[in-house]
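Below: one structure, written as C-alpha cells.
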Amino acid sequence: MTIGEALTHSRILLEKHGIPDPETDSLLLVSHITGLDMLMTRLEKNRPLTTEQEQRLSSLLLSRTQRKPLQYLLGEQWFYGRRFIVDKRVLIPRQETESLCSLAISFLTDRKNGTALDLCTGSGAIAVTLAAECPHSQVYASDLSPDALDVARMNATANQVTVSFCEGDLFEAVSEGLRFDVIISNPPYIPSADCKNLQQEVLKEPVMALDGGGDGLDFYRRIVTEAPHYLKPGGALMMEIGYDQGEKVSSMCVNAGYVDVLVHRDLYGQQRMVTGKRPL
Ligand code: GLN
C-alpha cells in the first residue's frame, strides 16, 4: 500500500464510522506511522508503506473507530507552542486553557521571582507552560493521581523545565509555609450526572479529571476557601470554569473576601475563567 492509498483507505474507513473529521485524522495518523510531517505525507503519495507500518496503521484505525481520542493514539497534544505527552492517565489539554495560562503569565511577568501553584495539574500542561514562559518564577504543581503525575513529570523533563510536583488532594501535600503569587487551576467541573452524556471521545478521558461533583462546583468551593491561606497578600487565584459557571464561581470568590474578582472570556467568546485577588 502506498501513502496515498493509506490516506484514502483511512479517510473512507473513518468516515464510515462517523468520525467527525476523517480527513485530518487520516493525515495525522498516516504521518504518525511514517514519521513524516503532514506536508511531506501529502507530497510523498507514491512512497510504499512497510508491512509493519501497515499493521500499525490498521491497529490505530481500529482504536479510532472505537472513539479513542486521536491525541491518545498520537501520544501527544500541542499546548501553548509546546509538545505534551498524553495518554489515558491524563486529560488532554484544551486550547481554551491557553487563555488561563496567558493571564497567569502576564501576572507573573510583572513580579520578580514569583511563585505559582497549579492544582489538579494532570498532564502538567499549565505548570510546564508557566515554568517555560516565566523562567524566573518557581512553579509547584499537585495532583491526587500518581499516574497523572508520572505523565506531568515526563512533560517537565521533555520541555526542559523544573516544576516541583507533589501528590495529594489539592493543598494537602503542599509544603508547610509556602506562599504563592498565583494559584492556578483547571479543576474537574462537569456535574456528575452529565459525565455519562459526554462526547464518546471525552468518555475515554479520566473521569476523575472531569467530575466536579453534584453541581460541578465541588472543587471551586474547596479551592476558593483554602487558597487565601496559601496566597501572598495581593496574590491571585485563577481558575478555569465551565461556560455557565461564571456567576456562581465569581460570587463564591466575592463572598470569600477576594477583591478584583473578574470573569474572563476565552477565544470563542465563552465565559471561561474567574480570577480574584487576596486583599493586600
Ligand atoms: N490542568 C490540566 C489541564 O488543564 C488537567 C485538568 C484536569 O485534570 N481537570 O489540562
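Each ligand, and each atom within it, is numbered from 1 in the order the structure gives.
Using a 4.0 Å cut-off between charged side-chain N and carboxylate O, Glu201 and Arg64 make a salt bridge. Ion pairing between Lys248 and Asp215 fails under the 4.0 Å rule for side-chain N and carboxylate O.
Within the listing of ligand 1, atoms 1 (N), 2 (C), 5 (C), 6 (C) sit less than 4.0 angstrom from a heavy atom of Cys120. Residue Ile126 approaches ligand 1 through these ligand atoms, each under 4.0 Å from one of its heavy atoms: 1 (N), 4 (O). Near Pro93, with a cut-off below 4.0 Å to any heavy atom, the atoms of ligand 1 are 10 (O). The distance from ligand 1 to the heavy atoms of Pro188 drops below 4.0 Å at these ligand atoms: 9 (N).
Between the side chains of Tyr189 and Glu240, a donor-acceptor pair is found at a separation under 3.5 Å.
Not a single N or O atom of Asp118, backbone or side chain, sits closer than 3.5 Å to an N or O atom of ligand 1. The distance criterion of under 3.5 Å between nitrogen or oxygen atoms is not met by Ile92 with respect to ligand 1. Any N or O atom pair closer than 3.5 Å counts here, and Ala209 shares at least one such pair with ligand 1.
At a 4.0 Å heavy-atom cut-off, ligand 1 touches Thr97 through the side chain alone. Counting heavy atoms under 4.0 Å from ligand 1, residue Pro187 touches it through the backbone alone.
The residue from Phe165, Phe180, Phe171 that alone fulfils the ring pair (Phe, Tyr, Trp, His ring centres under 6.0 Å) condition with Tyr140 is Phe180.
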